[in-house]
Every structure is written in C-alpha cells, then in structure tokens.
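Reckoned from all heavy atoms, side chains included, excluding hydrogens, waters and symmetry mates.
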Amino acid sequence: LLALAAAEEQLLVNLYERVSFSVVHIAVSTALGGGTGSGFVLDTSGHIVTNNHVIEGSDQILVRFADDTLVEAELVGADVDSDLAVIRVDVPADLLREVRLGDSSALRVGQRAIAVGNPFGLEQTMTTGIISALGRVVRQESGFSLPQLIQTDAAINPGNSGGPLLNARGEVIGVNTLIFSSSGSNSGVGFAVPVNTVKRVVPSLIATGRYDDPWLGISGLSVSPLVAGALDLPVEQGILLQEVVPEGPAGRAGLRGNDQQAEVDGVLLPTGGDIIVAIDGVEVRDMDDLIVYLAETAVGQTVTLDIVREGERRSVDVLLEERPGS
C-alpha cells in the first residue's frame, strides 16, 4: 500500500512539473476595473486558450508565465456561446511549452481529474479530484446553453477559469469554466468545457476570430409523462415547441409553435405546437438532448427533424443557420 501511495504521489509530482509551465496567469483591465483568470499554451506560435468570460470587455490583457515573465497579449478570437477565447503573445520560443490535448469522448465517471490554475490569484495551483459526471448542460445568461460539460469535484475557484482540466497522463480534457456554489467558492461542483469542443471551436477562432454556432430558432418545453398527461399529448417525451422564430431555420421549414394554452394546476402552459421527437434519427427525449446534438453540427448543415403534429409523425428537413449574435 505504501508503494502504491508513493507511486501515486510521484505521478502527480511528475505531472505538475511537466504541465505547470504551460499554464499562465491572465490579468485583464476593463472599463469597470479588471479581473484575473488562467489559460494554457496551445502551440509554439504563442496562442493561448482561455475562457471568453475571462477576457470579455478587456482593454488590456497581461499574461504571466511560471518564470514571472510578464507580457501583453492580443485577442485573437472569442466565442460567447462556448465560453472559449484565444489570445496570443509574442515571447521567446522556450517559454511556449504547448499542452497535449486528450479526447473528451473517451472519458468515464470516476477517472482522475486534475486542475491547474490561479485560484484567487494564487499562481500555479494544482488540485485533484475525479470526474463526477459527464454531459451536463448549463444554461447561460444569454439564454443559450453550454452543452456536454464535464463535472468535477477537483477544487475550482475564482481565478481557475480558463485553466486546463487534465487526466492522469497530463492531457487536457477540458477548460475549467464555472462552479455551482452558494458562497462563490469551491463546493465540489465545478464544470469544464470538454476538450473536443476546444478542438472544434478554437481553429475557427484562430483562423477567423469567430465561431459560427448553428441555430434552429426555436424555444420549447421538455415533455415528461406528467406534462404529456396534463396536456393530453400523444407522446411522453420530446420537445413541445412554444415559439418558432418566423424567419429562423425552423420557421422557414414550416415548424409550428404553440397556438393555444391549457391550465394545469392553476398554471397556463403552451400547447398545440409541433413536438420534436428525433433529429437525424437520434431520439430526442428533452431539450438537453437536442442541445447536445446540435453542438456537433455546423452552420449550413441540413438536419432532419422527426415531429409529431396533430397526432401524426412526419419528417422535416431544416437548414441550420448562424445563431444571432455569434
């Protein structure tokens, strides 16, 4: 047992010594003051990945490396909806120790998760834990959602945002992004954007400064057996469309939102709209299923929605467009 504990300890020591120099401290100045966060070196061209919310609204971005080298960075590109951003620094090549990217599709609950970052400005801090859950969907203030988030109990605090979440091999599996906490500090429920999202979004941010998020142009209510019974719906799962943007992709394809209301326990609920039950043949149980599927699609792609309208199932092709504000 002692030998196993020593080996575990040495694994973490070796990992930190290998990865910590790739993690940077980011300080930003804004019109309202400023803030700090973390980031990691992506390549030897000086590109650094962080969160959009770390650098959003910044007038100046300063990057501090592990050896205390302090340089100003330029913003290359950012995407609000994935909460990812890329900045770039011009520094000597020996400072740019790029990370290795893993594969978030291969993750399993219970695997080790290691965070390196700058909580509360305490630079080069490492915390450990496990992957607590996968595929979490968290709604943002914008009304859109962050899909497929990795949940971890590795301590994540203000200042960790933008730093890497690593596996036991020292590969980046996610970008630490947010916490659920009543106090604003670690409560054992932290979330990271999966690295496969980074692989999809970041090349576009580097090439064009932006990422075009795909959009259907709908809002809806997740159907449950309880909702289905109360509204006398023909299916017990899916998405009951409440609103369809007239000039949006779904609207152009002829999908219909609610046109009536029903009172359930004193609450008015929309009804009468189409019910989405599948996309490209993949079953849609609720809104989260649709959000997760759309995260892997692209603007200009055509998807086939299976819907139930007036008790009959039919298929509708929808051409995905760019999400407004992307």
Side-chain angles (χ1 to χ4, degrees), residues 10-30 34-56 58-79 83-102 113-128 154 156-177 192-193 195 197-199 201-209:
Q10 193 59 48
L11 180 147
L12 293 172
V13 169
N14 292 344
L15 184 151
Y16 180 81
E17 290 177 348
R18 187 173 74 250
V19 173
S20 61
F21 208 87
S22 301
V23 180
V24 300
H25 178 267
I26 297 174
V28 301
S29 300
T30 70
T36 64
S38 305
F40 56 88
V41 176
L42 181 68
D43 56 36
T44 53
S45 296
H47 294 113
I48 292 170
V49 174
T50 186
N51 283 140
N52 173 74
H53 77 258
V54 169
I55 54 82
E56 193 171 26
S58 59
D59 297 318
Q60 184 184 51
I61 305 171
L62 295 176
V63 171
R64 186 184 300 276
F65 286 83
D67 69 347
D68 284 335
T69 297
L70 183 66
V71 293
E72 187 167 353
E74 62 174 346
L75 176 62
V76 175
D79 178 48
D83 197 19
L84 292 174
V86 177
I87 58 177
R88 186 179 179 278
V89 293
D90 185 8
V91 296
D94 61 349
L95 284 178
L96 298 171
R97 301 186 190 178
E98 57 190 6
V99 295
R100 293 191 313 223
L101 301 182
I114 302 152
V116 181
N118 308 288
F120 302 109
L122 299 171
E123 299 181 5
Q124 304 298 312
T125 297
M126 180 171 75
T127 55
T128 66
I156 295 174
N157 286 290
N160 274 114
S161 290
L165 188 69
L166 308 156
N167 60 20
R169 294 186 296 275
E171 298 168 333
V172 176
I173 55 174
V175 181
N176 297 317
T177 296
V193 174
V195 73
T197 301
V198 174
K199 292 177 180 179
V201 173
V202 162
S204 179
L205 296 183
I206 292 174
T208 69

(request) Kindly give the heavy-atom pair with the smallest separation between Val76 and Leu205, and that separation in Å. (result) CG1-O, 3.6 Å
(request) Look at the side chain of Asp67 and the backbone N and O of Thr69, then say whether any donor-acceptor pair between them is shorter than 3.5 Å. (result) yes
(request) Give a yes or no answer on whether the side chain of Asn52 reaches the backbone of Ile55 with a donor-acceptor pair at less than 3.5 Å. (result) no
(message) Run Val19 and Phe40 through side-chain contact (heavy atoms from CB on, under 4.5 Å) and show every step you take.
(response) CA-CA 9 Å; Val19 173; Phe40 56 88; over 6 Å; no
(request) Examine distances only and state if a side-chain atom of Arg100 and a backbone atom of Arg169 form a donor-acceptor pair shorter than 3.5 Å. (result) yes
(message) Would you say that Val172 contacts Leu166 through its side chain, given a criterion of any heavy-atom pair below 4.5 Å between the two side chains?
(response) yes
(request) Using a 4.5 Å cut-off on heavy atoms from C-beta on, say whether the side chain of His53 contacts that of Asp83. (result) yes
(request) State, with a plain yes or no, whether a side-chain heavy atom of Phe120 is found less than 4.5 Å away from one of Thr36. (result) no
(request) Give, for atom CG of Asn167 and atom CD1 of Ile114, the distance between the pair rounded to the nearest 0.5 Å. (result) 7.5 Å
(request) Please name the pair of heavy atoms, one in Lys199 and one in Leu101, separated by the smallest distance, quoted to 0.1 Å. (result) CE-CB, 4.0 Å
(request) Measure the CG-CE distance between Leu12 and Met126 for me, rounded to the nearest 0.5 Å. (result) 5.0 Å
(message) Taking the side chain as everything from C-beta on, heavy atoms only, tell me whether Val99 gets closer than 4.5 Å to Val49.
(response) no
(request) Please test Ile206 against Leu42 for side-chain contact (heavy atoms from CB on, under 4.5 Å), starting from the C-alpha separation and ending with a verdict. (result) CA-CA 11 Å; Ile206 292 174; Leu42 181 68; 4.0 Å; yes
(message) side-chain contact (heavy atoms from CB on, under 4.5 Å), that's the test. Do Val198 and Val175 meet it? Break it down for me.
(response) CA-CA 8 Å; Val198 174; Val175 181; 3.6 Å; yes
(message) Which heavy atom of Ser20 sits nearest to which heavy atom of Ala66, and what is that distance?
(response) O-CB, 4.4 Å
(request) Look only at the side chain of Asn118 and the backbone of Val24, and say whether a donor-acceptor pair between them is shorter than 3.5 Å. (result) yes
(request) Without swapping roles, check the side chain of Asn176 against the backbone of Pro164 for a donor-acceptor pair under 3.5 Å. (result) yes
(message) Closer than 3.5 angstrom, by distance alone: can the side chain of Ser38 be matched with the main-chain N or O of Thr50 as a donor-acceptor pair?
(response) no
(request) Specify the closest pair of heavy atoms between Thr30 and Glu56, including all atoms of both residues, with the distance to one decimal. (result) CG2-O, 4.3 Å
(request) To the nearest 0.5 Å, tell me how far Leu62 CG sits from His25 NE2. (result) 10.0 Å
(message) Regarding Asp59 and Ser29, do their side chains bring together a donor and an acceptor under 3.5 Å, going by distance alone?
(response) no
(message) Looking at every non-hydrogen atom in both residues, tell me the closest pair between Thr44 and Glu98 and how far apart they are.
(response) N-OE1, 3.6 Å
(request) Take Val91 and Leu96 through the side-chain contact (heavy atoms from CB on, under 4.5 Å) test and state the conclusion after the steps. (result) CA-CA 8 Å; Val91 296; Leu96 298 171; 3.7 Å; yes
(request) Indicate yes or no for a side-chain donor-acceptor contact from Tyr16 to the backbone of Gln124 under 3.5 Å, with no hydrogens or angles considered. (result) yes
(message) Using every non-hydrogen atom in the two residues, find where Val23 and Gly117 come nearest and quote the distance to one decimal.
(response) CG1-CA, 4.2 Å
(message) So does Asn157 get a backbone contact from the side chain of Asn160, meaning a donor-acceptor N/O pair under 3.5 Å?
(response) yes
(message) Has Asp79 got a side-chain atom pairing as donor or acceptor with Leu84's backbone, closer than 3.5 angstrom?
(response) no
